[in-house]
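Only one structure is covered here, and it is reproduced in the block below.
What's counted below: heavy atoms across the whole structure, side chains too, no hydrogens, waters or symmetry copies.
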Amino acid sequence: MTLTGTLLTLSISVALTCYLFYALVPVPPDIEQGDAVFWIFAKRKHVRALSTIGEYLGLGHRINLTRYLSLTSLLSINDPANNTDVKISSLAFDGVPVLLTEPLKRVENSPALIWIHGGGWTLGSAEADEFLTSEISRRLEIPIVSLNYRLAPEHIFPAAFNDCFTAVKHVIDNARSYGIDPKRIAVGGASSGGNLAAAVSLKLRDVMHSVQPIVQILFVPCLQALDFNTPSYQSNADNGFLPRYWMVNFWLWYAFGSYEHLRNIEFIENQHTSHEAKISEHAKRVDHNLLSRTLIDAAYVPNAIDFGNESLWGEVKDVFLNPYFAPLMAENLSGLPEAYVATAGWDVLRDDGLMYAKRLQGAGVRVQSMPYQNGFHNLFIQSNHFKLSKTVIDDLVQFLAVKL
C-alpha cells in the first residue's frame with residue numbers, strides 16, 4: 001500500500017476515535033464561534049494522532065507526517081491567499097530564501113515589514129503566510145519580506161535564528177536598493193516566528209547595529225522553555241489546537257533534533273530544571289507574579305521548587321538559557337524597539353507574551369499589549385470566516401499604519 005493509501009486508511013479508522021476523544025476536551029465556552037473552532041481543533045487533533053500512529057508504524061518521523069497531512073485538502077486549515085494587486089518575487093538574501101511581496105502601487109523609500117512565519121520552528125513557510133502578508137502589503141501599500149528559514153528537527157538551534165538574523169540584517173543594510181527606508185522597518189512574526197523576531201531584535205541591539213527596527217511585532221510568541229507549568233500552560237494543557245505536550249515537543253525539536261520528543265515527560269513535568277535553577281535569577285524572569293491575578297484560575301497550582309533532574313538540567317541549560325533561543329531569559333531588555341505583543345486567552349503561550357510585555361515595560365520599552373482573551377493560538381486563522389481573526393488583522397494594520 002502506498003503512503004497515501006496507508007494514511008487514508010488510518011485516517012478513516014481513527015476518525016471516530018479522534019472525534020470521541022475531542023469531546024472529552026470541549027471548546028472553551030466563551031471562545032468566539034465555538035462551532036467552527038470545534039472543527040479546527042478536531043483537524044489539529046486528527047493530524048497529531050495520525051502522525052504519532054504513523055511514526056509508531058514506521059511510516060516516518062511524526063513531523064514529516066504532520067507536514068504531509070497538514071497540506072491535504074481534508075485536514076488543511078490554511079487560508080487561500082488573495083494575491084490581487086500585489087507582486088510576489090522569490091529571492092535569496094545572503095543565502096536565505098525569501099518572498100518579497102510588493103503592492104502594484106509601490107512608492108520609493110517606503111516603510112517595510114519583515115515577517116517570520118510560525119509553526120514551532122518545524123512547520124510552515126513564507127508561502128503559507130501569503131494570505132496575511134499579501135493583505136497587509138495591499139492595504140498599507142508597503143513591501144513585505146517574508147523569510148523561509150531552515151526548519152527543525154533537520155536543522156537545530158541556532159540555524160533558524162542565524163537565518164533570520166542574516167536576512168533581517170541584509171534588508172536593513174541594503175534597504176535603499178529595495179526602495180525601503182531603513183529607519184521605517186518593522187520585524188515581526190507569529191508563534192515561533194514571534195520568538196525569532198524577538199531574538200533578532202535582541203541581537204541587533206547587542207551588536208549595536210547602526211539601524212534598529214522601528215518596532216517588533218510579536219504574535220502569540222513562545223519565549224521561554226524554563227517553565228512549562230505557567231498558569232496558561234496549566235489551564236491549556238489539553239488545548240485542542242496546541243496542547244502542552246506538543247509545544248514541549250516543538251522546543252525539543254528546535255533545541256536538540258529529531259527524536260527528542262520521546263523524552264518529553266520530564267520536561268512537561270518541569271523535571272528538566274534543577275532545584276537551583278528553580279530559585280535562580282533566571283526563574284525570576286518567568287515569575288508567575290508578573291501576571292495579573294485575574295488570569296489565574298481556581299485550578300492553578302503554584303510551582304514546587306524542591307525537585308529536578310540535575311543531570312538533565314546540566315545537559316540542556318546552555319541552550320535553554322540562551323536569550324537568542326528563549327528571549328525571556330535575557331537579563332536586560334532595555335534599548336529594544338517598541339513592541340506590539342498580541343496574546344490569546346486560550347493558548348499555552350499566553351503567559352510568555354504577557355511576561356515579556358511586562359518586563360519590556362519595566363525596562364523602559366514602549367509596549368502595545370493586545371490580549372485577545374477569547375482567542376486561541378492561531379489568531380489569524382480564516383479571517384474571511386472568523387470575526388476575531390478579521391479584528392486581529394485590522395488592529396495590526398492600524399498599528400502599522402501609525403508606526404511606520
Side-chain angles (χ1 to χ4, degrees), residues 116 118 120-121 157 160-161 164-165 186-206 212-236 242 247 250-251 254 280-296 303 320-373 375 377 379 392 395-396 399 403:
I116 308 173
W121 307 277
F157 176 81
F161 167 71
C164 292
F165 180 77
V187 175
S191 193
S192 56
N195 165 285
L196 293 164
V200 166
S201 298
L202 278 168
K203 186 167 183 180
L204 286 169
R205 180 207 63 180
D206 291 346
Q212 305 286 320
I214 192 171
V215 67
Q216 52 182 323
I217 306 294
L218 312 179
F219 268 83
V220 292
C222 31
L223 298 167
Q224 59 87 28
L226 196 70
D227 181 7
F228 295 122
N229 201 45
T230 63
S232 61
Y233 266 108
Q234 291 186 39
S235 60
N236 292 285
L242 181 62
M247 189 63 233
F250 284 142
W251 280 110
Y254 181 42
S280 67
E281 288 298 314
H282 294 99
K284 293 178 181 178
R285 295 167 195 165
V286 290
D287 188 338
H288 299 183
N289 290 318
L290 290 166
L291 303 167
S292 168
R293 298 300 299 178
T294 62
L295 297 173
I296 298 177
N303 278 344
F320 277 25
L321 296 181
N322 187 325
Y324 303 145
F325 176 79
L328 256 169
M329 294 297 99
E331 178 181 3
N332 176 17
L333 296 179
S334 64
L336 287 169
E338 179 176 352
Y340 183 95
V341 183
T343 55
W346 299 106
D347 181 18
V348 292
L349 298 174
R350 179 200 67 189
D351 296 345
D352 283 24
L354 294 176
M355 289 176 179
Y356 201 60
K358 185 73 173 289
R359 288 193 56 216
L360 284 168
Q361 289 173 325
V365 176
R366 181 177 295 179
V367 176
Q368 177 70 51
S369 186
M370 303 295 289
Y372 297 99
Q373 298 294 0
H377 182 68
L379 285 172
V392 168
D395 289 345
L396 174 59
F399 176 81
K403 295 299 177 179

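- Annotation for Gly353 and Val341: closest pair O-CG1, 3.5 Å, computed over non-hydrogen atoms.
- Between the OH atom in Tyr356 and the CD atom in Gln216 there is a gap of 5.5 Å [rounded to 0.5 Å].
- In this structure, Gln234 contributes its side chain and Asn229 its backbone to a donor-acceptor pair below 3.5 Å.
- The shortest side-chain heavy-atom distance between Lys203 and Phe161 falls under the 4.5 Å cut-off.
- Contacts of Glu281 classified as salt bridge (Lys or Arg N to Asp or Glu O under 4.0 Å), with partners at least two apart in sequence or in another chain: Lys284.
- For the atom pair Cys222 SG and Leu242 CG, the distance stands at 8.5 Å (nearest 0.5 Å).
- Between Ala342 and Pro221, the shortest heavy-atom distance links the atoms O-CD, 3.9 Å.
- Proximity of the aromatic rings of Tyr254 and Phe325 is defined here by a centroid distance below 6.0 angstrom, and this criterion is met.
- Nearest heavy atoms, Leu349 versus Ser191: CD1-OG, 4.3 Å.
- Note that CG of Asp352 and CD of Gln224 are 4.5 Å apart. Values are rounded to the nearest 0.5 Å.
- Rounding to the nearest 0.5 angstrom, the gap separating the CG atom in Leu333 from the CZ atom in Arg359 is 4.5 Å.
- With contacts defined as side-chain heavy-atom distances shorter than 4.5 Å, the pair Leu226/Phe320 does not qualify.
- Across Ala344 and Gly375, no two heavy atoms sit closer than the pair CB-O, 3.5 Å.
- Within the 4.5 Å cutoff, side-chain heavy atoms of Tyr324 are placed close to those of Phe157.
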Met329 vs Val286, side chain to side chain contact (heavy atoms under 4.5 Å, CB included): CA-CA, chis, key distance, verdict: CA-CA 8 Å; Met329 294 297 99; Val286 290; 3.9 Å; yes
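- The two atoms that bring Ala326 and Ala225 nearest to each other are CB-N, 4.3 Å, heavy atoms only.
- To the nearest 0.5 Å, atoms CD1 (Ile116) and CD1 (Ile217) are separated by 11.5 Å.
- Under the 4.5 Å side-chain criterion, counting only non-hydrogen atoms from C-beta, Arg350 is not in contact with Pro371.
- The main-chain N or O of Leu328 is never found under 3.5 Å from a side-chain atom of Arg285 such that the two would form a donor-acceptor pair.
- Between Met355 and His288, the closest side-chain pair of non-hydrogen atoms falls below 4.5 Å.
- Annotation: side chain of Lys403 is not in contact with side chain of Ile214 (no heavy-atom distance under 4.5 Å).
- With a 4.5 Å cut-off on side-chain heavy atoms, Asp227 and Tyr233 do not count as touching.
- Proximity of a side-chain donor or acceptor of Gln212 to a complementary backbone N or O of Leu336 within less than 3.5 Å is not detected.
- Residues Trp251 and Asn195 have side chains in contact (heavy-atom distance under 4.5 Å, counting atoms from C-beta outward).
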May I have the step-by-step check of side chain to side chain contact (heavy atoms under 4.5 Å, CB included) for Asp347 and Tyr372, ending in yes or no? CA-CA 10 Å; Asp347 181 18; Tyr372 297 99; over 6 Å; no
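- The CG atom of Leu218 sits 11.0 Å away from the CG atom of Leu196 when rounded to the nearest 0.5 Å.
- When every heavy atom of Ser232 is checked against every heavy atom of Asp351, the shortest pair comes out as N-OD2, 2.6 Å.
- Between the side chain of Thr343 and the backbone N or O of Leu354 there is no donor-acceptor pair closer than 3.5 Å.
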